[in-house]
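Scroll down for the structure; my scribbles are underneath it.
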Amino acid sequence: MIGRVNRDIEGLLADLNSPQRTAVSHTEGPLLVLAGAGSGKTRVITRRAAYLACTVAKPSEVLAITFTNKAANEMRQRIIALGVGREMTICTFHALGARLLRIYHDRADLPANFTIYDTDDQRKVVKEAIEQAGLATTNWSPAAVHSTISRAKNYMQTAREFEENATDWFQRSMAKAFLIYDRLLTERGALDFDDLLLKTAHLLRIDEGLRRSLESKYRYLLIDEYQDTNEAQYVISHMLTREHANICATGDPDQSIYGWRGADIGNILHFEEDYPSAKVVRLEQNYRSTRRILAAADRVIAANIHRKEKTLWTENDEGPRVRVVECEDANEEAAWIAEQIERAARDGASLADLAVFYRINAMSRAIEEALLRAGIAYQVARGTEFYNRKEIKDVLAYLRLLINPADDIALLRAINTPARGIGATTIGRLRHHAVTAGIPLMNAAKQADSVPGIGRALARVRAFAALMEELDQLAGQPPRFVVEQTLRRSGLYAELNKEAEVTSSPLDNVNELINAAADFQRERPEATLIDWLEHTSLLSDVDSVESGRGAVTLMTLHACKGLEFPVVFMIGLEEGTLPFSRSGEANRSSIEDEEEERRLCFVGMTRAKRELNMIHCRYRMFRGVETRTVRSDFLRALGDDDIDRVNLSGEPSPHRKGSPFRGQLPDDIELWEVGSLVRHPSRGLGRVTLLRRGLKRTHVRVSFQDGTDQAWVLEFADLTRVDYDEVE
DNA sequence: ACGCCAGAAGTTTTT
DNA sequence: CTTCTGGCGT
């Protein structure tokens with residue numbers, strides 16, 4: 001027996017390089033693995049988890065936290081393949097939070113059946129909160145308020161604290177909405193995504209007994225993508241390792257791309273200060289990409305100032321040159337990619353080897369159309385989209401209401417879908433009754449008899465309440481069965497069948513939902529409806545990506561993190577798109593934002609194993625208007641040597657001298673000052689109100705004659721200075 | 001109560 | 001170019 005285990009341990013270390021081996025065999029105490037792109041990090045983590053389970057720990061004592069469910073599943077498969085039991089806990093921070101809060105709900109002061117609200121639901125609640133706070137939704141966009149709330153929660157700031165820190169009317173109003181938002185969630189027994197982390201972190205802080213017992217249960221903690229953890233996740237990981245300090249963080253500061261949602265790159269940069277006894281291992285040998293790809297990626301990332309120097313090297317061959325392609329517009333871009341893919345396929349490549357990355361989801365459309373036209377199979381990494389479909393949300397609303405009758409958002413969706421003749425007036429009356437009695441809408445519906453003025457609708461509301469009670473009898477059955485019965489008994493199925501003469505896709509989708517429930521049940525035979533709903537709420541976009549499906553993969557640059565493909569196409573290498581900036585808010589794009597964009601570009605480039613194509617268009621549609629673009633500064637960083645530059649649009653390059661779009665400061669820049677008169681081709685005459693010379697760019701703000709303001713990066717603004725005497 | 005139409009509004013990235 | 005909203009008509 002001992003002999004066998006020893007052989008296994010040998011096997012776990014056998015084909016690793018020296019730093020990898022150090023990381024895998026380090027068992028006790030804090031460990032930081034700074035793993036450059038393609039340096040075999042996944043291999044190290046899985047081996048290390050298995051190594052722990054073969055030497056110092058029981059599998060159930062190892063907790064591994066990954067960034068996505070997909071990563072968790074793959075890791076689990078690999079560990080099982082290494083011959084280690086299935087008892088290891090491998091999940092995302094959010095899933096861990098959901099699980100702990102579900103088990104220890106009474107300590108966390110939550111109902112056992114709490115619902116997890118998705119972005120859509122969260123926004124609806126925010127909207128209600130804004131209204132109840134007496135603010136106008138015209139001035140206070142739910143999306144903006146929501147993102148402020150979310151940001152605060154990511155920093156573990158409660159609504160109360162937010163209120164205490166509010167200095168002006170604007171912040172006090174925001175605090176008001178925040179407080180109401182949280183109250184509404186509580187009333188409905190609902191948590192948002194941020195709460196899953198926040199409440200878990202809070203629980204571990206206040207309940208020392210629980211913290212201790214969890215810490216000793218999970219004696220070894222592994223956290224992947226540590227550079228993308230936020231404050232709440234940081235607290236959770238520290239609470240779980242306070243005494244044994246067996247924390248292994250892996251990540252790469254150069255791949256930190258979630259700062260906008262509260263991720264703090266400082267967590268990984270200051271790991272050694274948090275754990276002075278930390279062992280630090282650097283993985284710098286890249287096994288993934290060709291030398292040329294690596295060199296190109298390095299040239300891009302090297303421009304970041306706030307950075308720990310790191311040298312990635314490889315023994316791989318040089319490979320073909322990186323290609324930079326200029327297209328006329330998005331259609332040409334898409335057509336060219338389709339053509340390249342066709343050719344690659346003819347040459348024997350598998351479609352699964354090819355991927356297209358873009359900065360924003362909206363950019364997938366043109367590519368999809370071109371691939372469709374060419375008859376090329378593709379998959380878009382947008383797993384959550386399926387669950388955002390109307391017909392799917394309709395079914396889920398019933399299920400959520402079954403689990404949690406206090407979920408008013410779910411009731412409002414289900415009560416008149418399919419149409420039962422319960423309209424706005426009746427719902428208004430139910431609402432009023434619910435608010436007066438301080439009860440959820442579902443209870444109000446059950447007491448419809450005592451709702452004043454309900455009239456003819458009484459019978460209909462009663463029928464709905466009866467339906468829910470009938471379904472409630474089934475709620476303990478396996479998910480698949482409940483889904484099916486809900487579809488049948490609610491009348492949704494009949495409705496979709498009727499519609500199917502026009503479009504069958506909604507019907508197909510709900511059937512797909514039944515399959516999804518069945519699959520889940522097969523994976524976890526003991527799973528309840530609650531488990532399945534939780535699972536569906538925590539799905540992420542990449543989770544739907546399957547390798548080996550024989551299809552080209554389309555995804556955002558954020559979604560591609562952690563993956564690799566032999567051939568990569570990156571599109572939209574244009575200022576404003578990559579790096580992304582919101583138009584008219586040039587003054588908001590800070591150095592930090594710009595560096596994060598550069599890291600995003602770096603992440604995309606380092607996914608490529610053999611061929612990397614970076615494409616930019618001279619024109620791109622923006623809100624239905626064809627807009628002139630400027631090549632991304634990231635392409636300039638690549639230089640000209642050793643790069644294949646392809647120009648598909650035969651026309652003269654627009655970047656010649658004299659063009660206002662050349663991305664250079666105007667020749668007479670020294671004459672520009674605040675107060676200068678300038679002319680813009682479409683906006684007319686204006687006056688410079690701000691001129692700020694940054695490290696790399698000059699920002700300018702202009703106030704026009706019509707009273708409007710506009711901010712630009714001067715290099716890219718189509719402005720010319722006008723002398724006073726010209727104007728008179 | 002519900003469907004249709006016109007007008008406005010809005011687009012990062014995600015658990 | 002879409003997607004959502006709100007108002008109006010049936």
Side-chain angles (χ1 to χ4, degrees), chain A residues 65-72 91-98 116-120 122-123 127 137-138 141-144 146-147 150 153-154 191-198 200 225 228-230 232-233 256-263 330 357-366 381-385 387-388 390 416-428 455-457 460 534-543 555-561 572 576-585 588-589 593 596-597 599-601 603-604 620-627:
Chain A
I65 296 176
T66 57
F67 198 70
T68 62
N69 296 297
K70 179 177 150 67
C91 60
T92 64
F93 266 113
H94 287 85
L96 177 73
I116 300 166
Y117 272 1
D118 65 20
T119 313
D120 227 52
Q122 290 168 32
R123 201 151 290 168
K127 199 175 166 194
T137 43
T138 41
S141 101
H146 183 236
S147 89
S150 174
K153 287 190 174 189
N154 283 156
L191 299 187
D192 64 22
F193 291 130
D194 304 315
D195 287 337
L196 293 175
L197 305 176
L198 182 71
T200 305
E225 309 285 9
D228 281 322
T229 51
N230 64 25
Q233 292 167 329
S256 160
I257 55 176
Y258 284 94
W260 51 272
R261 73 173 204 206
F357 302 155
Y358 34 81
R359 180 62 177 81
I360 58 172
N361 279 308
M363 292 172 76
S364 75
R365 188 180 228 106
R382 225 183 286 162
T384 52
E385 200 191 52
Y387 288 91
N388 277 331
K390 181 191 173 298
N416 203 31
T417 320
R420 301 192 169 87
I422 304 174
T425 320
T426 308
I427 290 172
R456 285 185 306 169
R460 300 167 186 163
E534 189 170 295
H535 167 81
T536 61
S537 323
L538 295 178
L539 279 178
S540 71
D541 282 347
V542 266
D543 293 340
M555 59 172 76
T556 63
L557 285 163
H558 283 88
C560 78
K561 190 173 71 164
T577 303
L578 183 65
F580 188 90
S581 64
R582 276 165 95 123
S583 54
E585 286 182 49
R588 285 257 319 262
S589 90
D593 292 341
E596 183 155 308
E597 293 294 312
R599 291 193 291 266
L600 196 52
C601 184
V603 167
R620 196 171 288 279
M621 272 300 212
F622 184 73
R623 274 198 213 170
V625 189
E626 192 104 299
T627 314

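Within every chain, numbering begins at 1; the chains are lettered A, B, ... in the order of the sequence lines, protein sequences first and strands thereafter. Nothing here was measured: the structure is a model prediction, and the numbers come from that model.
The side chain to side chain donor-acceptor pair (under 3.5 Å) check on A:Asn416 picks up nothing, with sequence neighbours excluded. Under the side chain to side chain donor-acceptor pair (under 3.5 Å) criterion, A:Asp194 pairs with A:Ser150, A:Asn154, not counting sequence neighbours. Taking A:Arg620 as the reference, A:Glu333, A:Glu574 meet the salt bridge (Lys or Arg N to Asp or Glu O under 4.0 Å) condition, with sequence neighbours excluded. Taking A:Ser537 as the reference, A:Ile116 meet the side chain to side chain contact (heavy atoms under 4.5 Å, CB included) condition, with sequence neighbours excluded. Partners of A:Leu198 under the side chain to side chain contact (heavy atoms under 4.5 Å, CB included) rule, at least two apart in sequence or in another chain, are A:Lys153, A:Met156, A:Asp195. The ring-ring contact (aromatic ring centres under 6.0 Å, His included) check on A:His535 picks up A:Phe520, with sequence neighbours excluded. A:Ala143 pairs by the side chain to side chain contact (heavy atoms under 4.5 Å, CB included) definition with A:Arg123, A:Ser141, not counting sequence neighbours. Residues that satisfy the ring-ring contact (aromatic ring centres under 6.0 Å, His included) test with A:Tyr258, not counting sequence neighbours, are A:Phe67, A:Trp260, A:His558.
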Between N or O atoms, less than 3.5 Å apart, protein on one side and nucleotides 8-10 of chain C on the other: list the pairs.
none

Distances under 3.5 Å between protein N/O atoms and the N/O atoms of nucleotides 2-5 of chain B, please, pair by pair.
| from | atom 1 | to | atom 2 | distance (Å) |
| --- | --- | --- | --- | --- |
| B:dC2 | OP2 | A:Asn416 | ND2 | 3.0 |

Distances for protein N or O near nucleotides 12-14 of chain B N or O, under 3.5 Å:
| from | atom 1 | to | atom 2 | distance (Å) |
| --- | --- | --- | --- | --- |
| B:dT12 | OP2 | A:Arg582 | NH1 | 3.1 |
| B:dT12 | O2 | A:Arg359 | NH1 | 2.8 |
| B:dT12 | O2 | A:Arg359 | NH2 | 2.3 |
| B:dT13 | OP1 | A:Asn361 | N | 2.7 |
| B:dT13 | O4' | A:Arg359 | NH1 | 3.2 |
| B:dT13 | O2 | A:Trp260 | NE1 | 3.4 |
| B:dT13 | O2 | A:Arg359 | NH2 | 2.9 |
| B:dT14 | OP1 | A:Thr556 | OG1 | 2.9 |
| B:dT14 | OP2 | A:Asn361 | ND2 | 3.4 |
| B:dT14 | O4' | A:Arg261 | NH1 | 3.4 |
| B:dT14 | O2 | A:Arg261 | NH1 | 3.4 |

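Within 4.0 Å of A:Thr577, counting heavy atoms only, lies no atom of the nucleic acid at all. As judged by a 4.0 angstrom heavy-atom cut-off over every strand, A:Thr426 is placed among residues touching the sugar-phosphate backbone only.
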Enumerate donor-acceptor pairs with a distance under 3.5 Å from any side-chain N or O in residues 417-425 of chain A to protein atoms, sequence neighbours excluded.
| from | atom 1 | to | atom 2 | distance (Å) |
| --- | --- | --- | --- | --- |
| A:Thr417 | OG1 | A:Arg413 | O | 2.5 |
| A:Arg420 | NH1 | A:Tyr398 | OH | 3.1 |
| A:Arg420 | NH1 | A:Ala414 | O | 3.0 |
| A:Arg420 | NH1 | A:Ile415 | O | 3.0 |
| A:Arg420 | NH2 | A:Tyr398 | OH | 2.6 |
| A:Arg420 | NH2 | A:Ser490 | O | 3.2 |

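At the phosphate of B:dT15, neither OP1 nor OP2 sits under 4.0 Å from any side-chain N or O atom of A:Thr68.
Here, B:dT13 and C:dC4 have their C1' atoms 22 Å apart, quoted to the whole Å.
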